[in-house]
Each structure stands twice: as C-alpha cells, then as structure tokens.
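Taking it in order: structure first as structure tokens, then the write-up.
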Amino acid sequence: MTEFLIHSKRCFIEGQFIEATLHIKNQSIFDVYNSIHLVDGLEFLDVDNSIVMPGIIDAHVHINEPGRTHWEGFETATKAAALGGVTTLIEMPLNANPVTTNVEAFKIKQDASKNKLHVNCGFYGGVIPENSNDIEGLIKAGVFGIKGFLTHSGIDEFPNITKEELEAIAPILKKYDCPLLLHCELTDDDVPKVNNQKSYQEYLKSRPQHWETNAIDLALEIQKKFDIKVHIVHLSASEGIERIKKQKLESSNLTVETCAHYLFFNAEEIPDASPIYKCAPPIREKHNNDLLWEYLLNEGFNFLSSDHSPAPPEIKKLENGNLFEAWGGIAGLQFTLPVIWTEGKKQGLTLEKLIPLLTSQPANFLGLENKKGRLKKGFDADITIWNENEAFEISEKMIAHRHKATPYLNHKLKGKIIHTFVNGVQVVEDSSLKNLNMGKLLLKNQNTDNADYYELN
Ligand SMILES: [Zn+2]
C-alpha cells in the first residue's frame, strides 16, 4: 500500500496549469487539492515548478517479443517507456512471432510479457487473409483494436489484406465498436526506377504520397460504408489531410495519428546510406511536414505516438547503407515527449495543446477515458513529472531500448523527464529507474459496461 502527496505550482488539470496537491492512495488519485495541502503523517513530494501531468499513453509500439526479442522485448521497451514518461503503451500485433492474429497467439504474447512490464501494456490484434474467424475471439479476449496492412508489412507471416477481406470483418468490428487500425499505403507500379539503393531521395520517391492517399480513400470508404471506427496510423502524406478533414466533419468514428519522427526530421536533411531513418511511409520533405504541423496545431490529429519499431543493426543494414534492403522502423519510444516538444516550440505549439495529444486523447481512442489520461480524483495514479526548459543531449548511455541505434542519437532536446509514477508507485526518480515490475497487463473489457478494462497480474 502506498499513500503520499505530490505538490507542484504547475499541475495539468482539466486543460490548464494550476497549483495543486495530488493525494495518491494505493494505485489511484485519491483526491486533488487546490494549492498546497499537507496531510498529517503523509510523505510530501514537492516538485516546485516542474510540470505534473498524466502519464503518457503511447498507442503505437512494436515490442517484438516473443520470437524477435533480439529486436526489442518487454523488459527493455517498458524500461525505456518509463524513463520517457510513458506509463501505458499499446503493443502492435506484429513483429513478434507468432503474430497476434488468433487467441492462442495472443495468450502466448501475454505469457511472454509476464514479470517484464515496467509500465502498463495493452495489445492490438491483427487481421490477415483467412483469419476473419479469429477476429471475434481476439476482441473478446481483450485487444484494444484490430490492425491491418494494405501493403506488405515487412513481415511475411503478417500479409496485407484486401478491401473484400476488410469488408468481411467490418460487421464484427461494428458489433463490438472495435477500432480498425490501418497502415495506409496501397502499392502500385507508378514509381520511378531505382538507380541507387543508398539514395534517400530515391527511397522517398519509391513510396509516393499517392500510395498513402489511395489507401486513405479505401479506409474512408470502409469507414463510411459500415460506420465503424477506422483509425489511420502514422499519417505522413500531407495530401491525405484534406480528405480526412472532410470525412471527420461527418463522422467521429474516423481518427488519425502521426508520429514524432514525421514531425522532427525532414527528408532534405537525411543523408544517403543511412537506413537508421528508414520507415514506411517515409519521412517526407519539409514543406510536407510543415503541413502536418499546421494540421496538428489546428487540432486535426487525434493523438501522437512513437511507432517505436526497432531492429538489430544488421537488419537495419547500418553498415552497407542499403535503404531498400533495410528494415523499415524507427526506435524512439523513450524520447517522444522531448522530440515533439523541441520541434513544437519552434512551430508555435503550446503545452496546453501538446499534453492532451499524448494523454487524454489516446485514452479517449482506447476507451480508457474514465481511468487514465487525466489528473482526476479516482483515476489511476499514472503520472509524469518533467521540466520543459531543461536541455539534454541524447547519448548512448541513456538509451534503454534494446539497441542504441536511433536517429535521435546526439540530438539536443528540451524537456527532461524527472519522475514517473505507474499505478501509484514511483518507477523513475531523478531520471533513473527506481521500482520495477509495476506495470499491469491491460485487457479491454468487451463484456460489461462497468469497467474500461481489467488487469492481469
Ligand atoms: Zn507501426
């Protein structure tokens, strides 16, 4: 049992910064007092002017365990998450082996996570050709959504699906109000011939905007036809924005995210022969990314994520620099907040706009809005404390991901995470891990209306 107080002159409560004292008891926020408030016998943590906010919820993470634990595992990923102020993450149905496309594989993944969760972790299931009969079981077993690819996923055991296959599962998704998450790229041959496989510009041209917009059109069509929840993951193509905007006016069941790397890097600055920057869809040109920022500032994105998707250096082809052979995926789980904040400050982003995009808004998407994502009486005590003006440089030593390779290495960022609390227990103190194994496995509750989720272990 834990019971203590946290005081700050800047607690982020109901969309604004106020001086407050949080009373934490067991795993929850027992009470929120205005201003400074002492309670006899209770430990009092005064963080003065540091920001106290709800823990970050990263709704797009690839952990790869079991089967590809040498790429990334629960132990390392959730330590990195805690150090980055992430208190809940939702794990994608690939690139572990087996992929999470049936209940048996889902149970295997849950077992693999046991005693390795340093932050809370939930899961998505996957749709592939010929698993339409497994979707209902996955939903009932507690996944937070069903993810599918409209182009090759990079993993042979997770093939892409067709429009017909999506239409076949739409009624099941509708029945449970379960989100369909789509990787939107629709491949065609309308791309230039590649001459130099180490050229970033040639890689960029090999995955054009129209691949994304054609896939988005398909996603919008399915959303409209069945009135189901459709979520477009990692939007990179700014040409997709107008059509998404238009349909969002008609339906609240359409949601869209973008990721830290699309907001931080620009294609013009990416050197050739550097697959560390490779992801799909690709990081595009500055003029494109400025439009993503404009959409973000106009509150178009539902939330932001890391799409943390690492691989070992040999699979990232870091030595030979071949962008077409390299694994596509960027490691960045630990740095989402300072990365977006550092660039965001230049773009005119305020903290009041940024914090909900990482906390209450992903909670809304996941159906966790009654327990997580806000500092409120009765909510889970998942809390991140940081200083937005403190600068630091990313060094290999501080990276807790399984592999140190990340395009953020050596970047100077603003916004240092100081303390992280998961379920009322301090897991990070003064930017170092303190208590381990405090995370819970989260399963979405599809069976009753009286709880958002239930927890194992
Ligand atoms: Zn992803």
Side-chain angles (χ1 to χ4, degrees), residues 57-65 67-68 71-74 77 80-81 86 88-97 99-101 109 121-128 143-161 179-186 207 211-212 215-216 219 230-237 240 255-265 275-284 292 301-311 315-316 326-336 339-340 358 362 365-366 401-403 406-407:
I57 299 173
D58 190 339
H60 190 155
V61 178
H62 299 264
I63 289 184
N64 312 337
E65 184 170 3
R68 288 189 181 85
W71 292 27
E72 183 67 284
F74 288 105
V86 176
T88 297
L89 59 84
I90 310 294
E91 210 269 333
M92 282 290 170
L94 70 166
N95 311 310
N97 189 0
V99 291
T100 317
T101 50
K109 189 177 274 192
C121 181
F123 302 92
Y124 297 114
V127 55
I128 55 171
V143 298
F144 281 83
I146 296 291
K147 164 90 177 279
F149 274 70
L150 295 170
T151 183
H152 193 279
S153 71
I155 294 282
D156 288 336
E157 62 268 32
F158 200 96
N160 47 297
I161 24 102
L180 172 66
L181 297 91
L182 288 175
H183 176 118
C184 285
E185 283 185 296
L186 207 50
R207 302 189 88 105
W211 280 15
E212 264 192 87
I216 290 167
V230 169
H231 178 70
I232 295 164
V233 297
H234 53 47
L235 181 76
S236 157
T255 52
V256 57
E257 110 211 355
T258 194
C259 311
H261 40 274
Y262 300 121
L263 298 167
F264 191 76
F265 297 112
I276 193 99
Y277 295 91
K278 180 184 175 182
C279 57
I283 296 166
R284 302 187 189 278
L292 296 180
F301 287 108
N302 292 79
F303 60 86
L304 305 173
S305 71
S306 68
D307 191 8
H308 178 68
S309 183
I315 291 168
K316 277 300 276 178
W327 173 256
I330 284 182
L333 174 61
Q334 193 176 335
F335 303 110
T336 301
V339 162
I340 298 174
L358 296 171
F365 170 73
L366 295 164
H401 309 149
R402 168 136 301 161
H403 299 286
T406 165

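Counting starts at 1 for both ligands and their atoms, following the listed order.
By the side chain to side chain donor-acceptor pair (under 3.5 Å) test, T258 pairs with no residue at all, sequence neighbours left out. When the ring-ring contact (aromatic ring centres under 6.0 Å, His included) test is applied to W211, no partner is found at least two apart in sequence or on another chain. Applying the ring-ring contact (aromatic ring centres under 6.0 Å, His included) criterion to Y124, with sequence neighbours excluded, gives no partner residue.
The one candidate from V256, T255, N302 that meets the side-chain contact (heavy atoms from CB on, under 4.5 Å) condition with I232 is V256.
Ring-plane geometry between H231 and F303 is classed as parallel, the angle between the planes falling under 30 degrees on a 0 to 90 degree scale with a further cut at 60. Using cut-offs of 30° and 60° on the angle between ring planes, the pair H401 and H308 is tilted.
Protein N/O/S atoms found under 2.8 Å from the Zn ion (ligand 1), listed by chain and residue number: H60 NE2, H62 NE2, D307 OD1.
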